[in-house]
Amino acid sequence: MIGKNLQRIRKELPDHVTLVAVSKTKPVEDILEAYQAGQRDFGENKVQEMVDKKDHLPQDIRWHMIGHLQTNKVKYIVPFVTLIHGVDSLKLMQTIHKEAVKRDKIQDCLLEIHIAEEPSKFGFDFQELLALLHREAWASLDHIRICGVMGMATFTSDEDQVRREFRYLHQCFDTLKSEVFSEKDYFREISMGMSGDYRIAVGEGSTIVRIGTLIFGERNYL
Ligand SMILES: *Cc1c(COP(=O)(O)O)cnc(C)c1O
């Protein structure tokens, strides 16, 4: 079933879009099934869960931290994580940098931008982010590589609203690209789109979609 789901989704995605299979709450067996169907990029939103699973799975899996990350847990994932999607404070950037220096690693990250209507979601306010990036305090953080942006749309059936929010994230990306990262080839990722809205996200220029339910089925939070 999982392999079939993956096949169906992949067929639909343009070649330049990376599919991250979001395996949170799902057992190692399910992840292996996806792996055997050729999937290599997996996303988790909890540090402990990702660390526990990784030891039971093939080493060539590319792990994506897609959830909110607390600074005191950064040290557990920097040794192996491929991409940290939810970077939303200078303090977190500094902590990731510090751990990356220790490991002699350049850590790839995405800046999470608040695009949804709901006030509770994480992410930078875009104007504050711009101001921060112009202050250059972050520029000395040479062991983090900011590869793009990430965002989550409002959970709503109003597709126009979702489209507007994704379009806004793309505009944020363009502004950052021209004002801050114009010489950085690696600044090219827009992580947006989940099971319910990935088609809209791809239409608005997503380069990474994060899909769980459509691959692994509904999650049980017990
Ligand atoms: C859970 C989660 C997803 C995947 O959600 P689905 O609706 O199951 O596809 C994507 N992104 C983030 C940040 C998540 O926490």
Side-chain angles (χ1 to χ4, degrees), residues 1-13 17-27 30-31 33-34 37 39-53 61-70 73-74 77 81-89 92 108-124 147-159 161-163 165-166 169-170 172-173 189-222:
M1 216 38 209
I2 290 171
K4 285 237 155 44
N5 294 341
L6 276 167
Q7 218 177 6
R8 196 175 53 241
I9 296 163
R10 272 203 219 107
K11 224 188 301 170
E12 220 187 281
L13 294 174
V17 176
T18 300
L19 171 60
V20 173
V22 177
S23 47
K24 63 191 186 196
T25 78
K26 298 296 177 182
D30 287 9
I31 300 175
E33 204 174 323
Q39 182 65 27
R40 291 295 178 271
D41 291 273
F42 290 88
E44 293 280 342
N45 67 339
K46 295 207 165 71
V47 167
Q48 191 61 52
E49 191 176 343
M50 181 188 269
V51 169
D52 288 346
K53 285 173 174 173
I61 284 181
R62 294 184 290 271
W63 291 102
H64 295 250
M65 174 46 65
I66 63 170
H68 182 68
L69 183 56
Q70 289 170 284
K73 297 196 174 153
V74 167
I77 61 166
V81 77
T82 294
L83 183 61
I84 300 175
H85 290 234
V87 175
D88 66 354
S89 72
L92 187 52
D108 286 346
C109 301
L110 302 178
L111 299 169
E112 181 171 0
I113 297 172
H114 182 105
I115 60 170
E117 216 170 53
E118 296 120 51
S120 65
K121 294 251 173 80
F122 297 105
F124 279 109
C147 300
V149 297
M150 179 268 205
M152 287 171 85
T154 303
F155 187 70
T156 171
S157 57
D158 181 349
E159 295 197 354
Q161 181 178 352
V162 171
R163 188 172 290 107
E165 291 172 357
F166 286 150
L169 185 60
H170 197 157
C172 293
F173 171 87
E189 305 294 352
I190 305 177
S191 169
M192 60 183 185
M194 311 179 12
S195 290
D197 56 20
Y198 76 95
R199 289 192 182 94
I200 302 174
V202 168
E204 294 303 325
S206 171
T207 67
I208 303 176
V209 293
R210 311 175 308 267
I211 297 182
T213 309
L214 280 185
I215 297 170
F216 296 107
E218 298 288 341
R219 287 178 291 273
N220 286 320
Y221 291 101
L222 293 176

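Both ligands and their constituent atoms are indexed starting at 1 by order of listing.
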Do the side chain of T156 and the main chain of D158 share a donor and acceptor less than 3.5 angstrom apart? yes
F42: which residues meet the ring-ring contact (aromatic ring centres under 6.0 Å, His included) condition with it, sequence neighbours left out? none
Given S191, which partner from the list E112, H85, H64 fulfils the side chain to side chain donor-acceptor pair (under 3.5 Å) test? H85
Does atom CD (Q7) have a neighbourhood of more than 12 heavy atoms from anything else shown, all under 6.0 Å? no
Enumerate the pairs of nitrogen or oxygen atoms, one from ligand 1 and one from the protein, separated by less than 3.5 angstrom; state names and distance to 0.1 Å.
from	atom 1	to	atom 2	distance (Å)
ligand 1	8 (O)	T213	N	2.8
ligand 1	8 (O)	T213	OG1	2.5
ligand 1	8 (O)	R219	NH1	2.8
ligand 1	8 (O)	R219	NH2	3.1
ligand 1	9 (O)	S195	N	3.0
ligand 1	9 (O)	S195	OG	2.5
ligand 1	9 (O)	G212	N	2.8
ligand 1	11 (N)	R210	NE	2.9
ligand 1	15 (O)	K24	NZ	2.7

Quick check: are there more than 12 heavy atoms from other residues, nucleotides or ligands sitting under 6.0 Å from CD of E12? yes
Counting distance only, does the side-chain N/O of E118 pair as donor-acceptor with the main-chain N or O of F155 below 3.5 Å? yes
